[in-house]
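Take a look at the structure below.
Letters go in sequence order (proteins before strands), and every chain restarts at 1. Just so you know, these numbers come straight off a predicted model, no measurement behind them.
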Amino acid sequence: MSVADATGPLDAAWAVRWMRGTAQVVSENRALLIDLDRAIGDADHGENLDRGFGAVLLKLDGDAPETPAAVLKLVAMTLMSTVGGAAGPLYGTAFLRAATSLGDTGVVDPSGVAGMIAAARDGIVARGKAEVGDKTMVDAWTPASEAAETAAQAGATAPEVLAAAANAAHAGAVATEPLIARKGRASYLGERSAGHQDPGAVSTALILQAAAEAAGGEVA
Amino acid sequence: MSVADATGPLDAAWAVRWMRGTAQVVSENRALLIDLDRAIGDADHGENLDRGFGAVLLKLDGDAPETPAAVLKLVAMTLMSTVGGAAGPLYGTAFLRAATSLGDTGVVDPSGVAGMIAAARDGIVARGKAEVGDKTMVDAWTPASEAAETAAQAGATAPEVLAAAANAAHAGAVATEPLIARKGRASYLGERSAGHQDPGAVSTALILQAAAEAAGGEVA
Amino acid sequence: MSVGLVIVSHSRKIAEGVVELAAQMAPDVVLVAAGGADDGDGPSRIGTSFERVQAGIEQASDGDGVVILTDLGSAVMTAEMVLEFLEPEARDRVRLAEAALVEGAVAAAVQAQGGSSLDEVLRAAENAVVSI
Amino acid sequence: MSVGLVIVSHSRKIAEGVVELAAQMAPDVVLVAAGGADDGDGPSRIGTSFERVQAGIEQASDGDGVVILTDLGSAVMTAEMVLEFLEPEARDRVRLAEAALVEGAVAAAVQAQGGSSLDEVLRAAENAVVSI
Ligand SMILES: Nc1ncnc2c1ncn2[C@@H]1O[C@H](COP(=O)(O)OP(=O)(O)O)[C@@H](O)[C@H]1O
Ligand SMILES: Nc1ncnc2c1ncn2[C@@H]1O[C@H](COP(=O)(O)OP(=O)(O)O)[C@@H](O)[C@H]1O
Ligand SMILES: [Mg+2]
Ligand SMILES: [Mg+2]
Ligand SMILES: [Mg+2]
Ligand SMILES: [Mg+2]
């Protein structure tokens, strides 16, 4: 992965950059996400997210929300109504809870970043009832949230907190490969679900990577 | 009910008259059977049977089977593929088993009549797994079979055996009214199925009435 | 007015078919198909649609409450998400059944046709026997 | 070749929808819709068709056997009637599942896609959890 050009405070403009970056990285990885979902699902995760974040881009062109939370709320509502798969309610809930955690703050500080990621993770767990090890996106969000919390407590900057989260999400996604799915469609496959990374965990890593890059955070 | 004009041996011509008579009485009672099925089912029993026996008529116009069994087999195959509701496989099985019980006999004697009705009844039970009292056509076929057996043993003529069966089926159908359905669609209604006669039991009475009338048997 | 049903399926055909099947035995019950993902015009993509489920609940809610039936897990999540957006009074009159979609819908529809309460209709869905 | 599935429903839309839904996760499995009553031309009436079920089994039987899923009891009776008309060798390779139609079909299709045996596919259908 690369060092993003943009730097600066985690304000509404950062949130917009994050979402534009997500739309781009999802579009670039559309085929990958589809292939991952073909192996243990219904081959639509890349298509679902590309449609969803494509719709987000259109919304952002029209509207310019004034706080980070307002951006995330717009994203939540858009994903919810355009994704069509499990990722719709899951990411919808994640971004909605993240927005709520930020309140009307104009610039997100390091502990705000950690709180936002924890809220997103908790929202996904509340919505999907998966536990760590069930081979879902929870296996990327949980280490991401833990790493963000640790970094924030250790005095890292907001971009550094995001980078720690993104790296941990990436490692978490890779680590889903040997697992047997116990939630979502992939659970229909039983033991045959082992040997493939979970598509939602991989897309989670991409989304958090985009967040870090939009903040100028260095992602390993 | 009335005394039929036709009399004579229970040969292939009788079986054809039986089926023509059934087609007519079913068509006359189409609305009644639909109404009964509307109350505790899906309002199609009259339509299903009218279509089925209408198709039987067309088949009989084309073909002239040479034994009673051949007529009943043709009827079975036709109902099976044209009725579309539960009555299709149920009456299909009934007429098929009845045909098998007759073998290649040219004229059915009194004990042959009783055996034929018992075979039909047993086929329906094998197909639908209903017991007496479940508020299905079994509640008409079972007393019909018993009455036919009793009459045959008592030395009744074949038309008399058929008339005894038809009368018992009619009484059995009427007696389904207070029952709670435990098989078929009507069982979805639970206690609300009480207070209505079972459509299949009523159509059974009509079919056996036609059999008796085609033989010149006196139906009460 | 009786309890209404919303049939949430990933397939538009399944949702519409369940409605036509259940309607046979429940002509007076409001049965709403909320099937497929919403892509504006064109044939419905396989998936679920927040808007269709939301509109379905709205449409079914003139009577004694609404029971929602779903096919797969992502349909359940979509439905739960919609429920979170309802006002508390509206939310209280909606139940999400853990039931076999087709079999549960027929049983629930018959129960609703008989004028049963919201929780009785829910129970009919959840206790439906497969292949009656 | 894998186990094939025949989807018997009173509604043509349901049968076709189940096939499209299950096919997403089981692109190599033969899935046949046998829905609605057969009335020659015109829209399919609600009901089941002996001929459609018979043709469906025929069509699905090139692989390692056939699992039949049904919606309501009269569909079960139609299917059992068809089975009685099969030759014993053909009959031995067909199973009638006692399963929730939509949920069982998806689970069975995924199992068949994985190359499982006839009885494993049957088990997947019958053990399918509603609303995974
Ligand atoms: N119950 C759940 N809890 C958490 N994540 C889930 C759950 N169900 C599915 N997922 C995630 O959703 C991803 C699939 O998303 P997507 O393909 O959009 O949905 P669908 O399975 O409806 O096609 C999975 O890879 C997994 O990460
Ligand atoms: N399992 C069963 N055993 C015996 N008879 C049954 C059974 N299920 C249904 N029936 C009979 O079938 C009749 C309904 O026939 P019909 O309306 O043609 O079928 P459907 O219920 O498929 O619409 C019922 O009135 C009952 O007599
Ligand atoms: Mg998918
Ligand atoms: Mg999908
Ligand atoms: Mg009927
Ligand atoms: Mg019917």
Filtered by a 4.5 Å non-hydrogen cutoff, the part of residues 13-23 of chain D contacting chain C is D:K13, D:I14, D:E16, D:G17, D:V18, D:E20, D:L21

Among residues 77-87 of chain D, residues within the sub-4.5 Å heavy-atom range of chain C, in order of number, are none

Interatomic distance, CE@C:M25 vs CD1@D:I46, rounded to 0.5 Å, equals 12.5 Å

task = Tell me, yes or no, whether the heavy-atom count around C:E58 atom CD, taken from other residues, nucleotides or ligands under 6.0 Å, exceeds 12.
result = no

